[in-house]
There are 2 protein chains.
Amino acid sequence: MYTIGQLSKKTGVTVRTLDYYDEIGLIKPSSKTEGGHRLYMDNDVMTLERVLALKYMGFSLEKMKDVLNESTSTWQQSIQHQLEMVQREQDRLKTLEQALTGISYAIEFEGEINWSMIFGTIRLFQQAPEDALQQYKGYLSDEEMRKIMDINAGMSEDDIAEWTGIIHDIKNNLEIDPGSEKAQQLAERWMNQADNMFEQDEELLSDMWEALQNLKEGIAFYPMDQDVINFIERALTIKYAHREVKK
Amino acid sequence: MYTIGQLSKKTGVTVRTLDYYDEIGLIKPSSKTEGGHRLYMDNDVMTLERVLALKYMGFSLEKMKDVLNESTSTWQQSIQHQLEMVQREQDRLKTLEQALTGISYAIEFEGEINWSMIFGTIRLFQQAPEDALQQYKGYLSDEEMRKIMDINAGMSEDDIAEWTGIIHDIKNNLEIDPGSEKAQQLAERWMNQADNMFEQDEELLSDMWEALQNLKEGIAFYPMDQDVINFIERALTIKYAHREVKK
DNA sequence: TGTTGAATCGCACGTAACGTGTTGTTATAT
DNA sequence: ATATAACAACACGTTACGTGCGATTCAACA
C-alpha cells in the first residue's frame, strides 16, 4: 500500500505522471483514503511496471489501455506493428543520415552553403528509392534497378565523401580542355569510384552510364547535372580514342 | 507575388502552416495588401524552400530561425549535431528492434504473455550495452566485453529466434534427467548456437560460460536464470564425462 | 486536542507543429 | 452592386507530461 509519493520514489516515475495516468484512466489506484488521497496496491504497482515496459516498446498511452486487456493473438499483432514502425523509421533515418553526410561534405568542400545541391540531395533521398530510379526505366532492367538500390543503401561515409568531392572538383573545372591531363585525371577518378561501387559488374555500369547520358536531369548517388556528365563523357571519349590509337 | 493560397498550391504546404510560420516569425511575407492580406515575393518562396529542406533534415522550427542566418562554420556544427542525433536514434531503434523481436518469439513459443521475460529483456536492452556487461567485470577482459557487444549488436532475427526458443525449451524441461537423451540434445543445441555466435573464439565462449556459472543473475543475449544455467551445466558435465570414458 | 509542516489534490497553463473549425473582412468575378 | 471565393484572426484539440498554484488532508508532535 503506497501513497502516490512513495510509489513515485519506489519507481522513479514522477508524481505528476502518476497523476496523469490516473486522470486518463490508465492506472487508477484501487483504493483511496477518506480525504481522497490515492492508495496504490501491489496490483497497481504491477500495472505500472507493465506500462513502463510498454512505454519502452514505444506504445502510446492510448494503445496501452487496449493492449493491457487484450489476448495473446492481438498482442502479437501489436508487437508486429511496432516492429514494422521501428524498421520503417530506421530506414528513414538511414537515408537521412546519408543525405546529411553528403550535405556536410559538400559544405566542407565548397566552403559555403550550396542550396541547390542541398535541394538536389534531398529530392534524391526524399522520394522512395524505387521512385527515384523510375527515370531510369527503359535504360535499366528491374533487376539492375534493384542492384543499384542495394548499392546505394550500402554506401559508406567514405563513398559519400568521395562522390561529393569528385563532383565538386569537376564542377569547378568544367571549362578546361577535356584532353588536358587534369581533365583526364578527374574523369579517371570518377570512373575509379564508379568501378569501386559497381565492383565487377561492368555491364551494370555501362547501362547506367548510357542512361545518364540520355537523361536531362542526371542524378546518380549525388546530384550531377548535365554539365558534369558532359564533361566526363568528353574526357572519357578522348581517353579511349587515345588508347585505341596507342593500340 | 503570391497570395497565401497561391503559394500553398505551388508548394503543397497548407495555408495553416504558412499562417503558423508567419505567426512564429519564421517566414514573414515581405508585403501586404491594404486590407492586410499577405503577399509572398520570390524572396519568401526561397526562404520557404529552405525551411522545407531544413525540416527534412530534422531541424526544429526554432533552430531554423538561428540556422538560416548563420555562417558556414556554425552550419557544419548544426549538421554534425543532427548527424549525431540521427545515429543515436538509429542505435536506440536497433536495440529496440532486437528486444521486440525477442519478446515476439517468446510470446509465440509460450503461447501467452510472459511478463517477467519481458521485464528481463527490457532490463537487458534498456541499459547501455557497456553497463549491461558490467556484471561480467572480473570474468572478462575489456576486449572480450567489446567483442560480446559487437556480437550482440549484430544478432540476426534468426539468432534471436533460436536463443529464445532454446531457453524456452530448456525452461520447460528443467526437471528431466540431465543424462537423458533429450537433456543432452537441449544442451547440445545451446552449445551449437553459442559456438555459432562466437564463431571460432573458443576462449571467449569458455570465459563467458565461466562467468555465467558464477553469477547469480545470468543474463546472456536473453534473460536466462540460474535454473537454466544449472541445467546446461549438469547436462554438459555428463556429456563430457561420457566422452572421456569413450576415449 | 490543537498545531504545524509535509504531502497531496485538483486545476490551469505551457510545450511542438500544426489540423480543424468559426466569424468577420477583403478581393474578385459578374 | 452583388455574389462568391479567399483570407485574417482567433480558439480549441492533439501527446505526454512539466511547472506552478491555492486549498485540503495527513502525520507527527505538543
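Look at A:Arg92 and A:Glu89 and you find a salt bridge, because one of the NZ, NE, NH1 or NH2 atoms lies within 4.0 Å of a carboxylate O, short of that distance. With salt bridges taken as basic N to acidic carboxylate O contacts below 4.0 Å, none links A:Asp44 and A:Lys28.
Taking every side-chain heavy atom of A:Thr17 into account, D:dG18 is the closest of D:dG18, D:dA9, C:dT8. The side chain of B:Ser60 sits closest to C:dA17 out of D:dG18, C:dA17, D:dA8. Closest to the B:Arg16 side chain, of the nucleotides D:dC17, C:dC18, C:dC9, is C:dC18. Distance from the side chain of A:Asp19 is smallest to C:dG10 among D:dT19, C:dG10, C:dG19.
Side-chain nitrogen and oxygen atoms of B:Arg38 include at least one within less than 4.0 Å of the OP1 or OP2 phosphate oxygen of D:dA8. For B:Thr14, a side-chain nitrogen or oxygen approaches OP1 or OP2 of C:dG19 to under 4.0 Å.
In the displayed structure, B:Glu62 atom CD is contacted under 6.0 Å by at most 12 heavy atoms of other residues, nucleotides or ligands. Within a 6.0 Å radius of NZ in B:Lys65, other residues, nucleotides and ligands contribute more than 12 heavy atoms.
Computed from coordinates, the B:Leu61 CG to C:dC18 C1' distance equals 9 Å when rounded to whole Å.
At a threshold of 4.0 angstrom between heavy atoms, the contacts of A:Lys55 are confined to the sugar-phosphate backbone, with no base atom among them. Using a 4.0 Å heavy-atom criterion, one finds that B:Lys32 contacts no nucleic acid atom at all.
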Which protein N or O atoms sit under 3.5 Å from an N or O of nucleotides 26-28 of chain C?
| residue | atom | partner | partner atom | Å |
| --- | --- | --- | --- | --- |
| C:dA27 | OP1 | B:Thr33 | OG1 | 3.1 |
| C:dA27 | OP1 | B:Gly35 | N | 3.3 |

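Along DNA chain D, the nucleotide nearest B:Lys9 and the nucleotide nearest B:Asp22 are compared for position; the residue whose nucleotide lies closer to the 5' end is B:Lys9.
Annotation: ring pair (Phe, Tyr, Trp, His ring centres under 6.0 Å) contacts of B:Phe119 (sequence neighbours excluded): B:Trp115.
Near DNA chain C, defined here as any heavy-atom distance below 4.0 Å, there are no residues from residues 84-95 of chain A.
Between A:Gln98 and A:Asn152 the shortest heavy-atom distance is NE2-O, 3.1 Å.
Between B:His168 and B:Phe109, the two ring planes are parallel [angle under 30°; tilted spans 30° to 60°].
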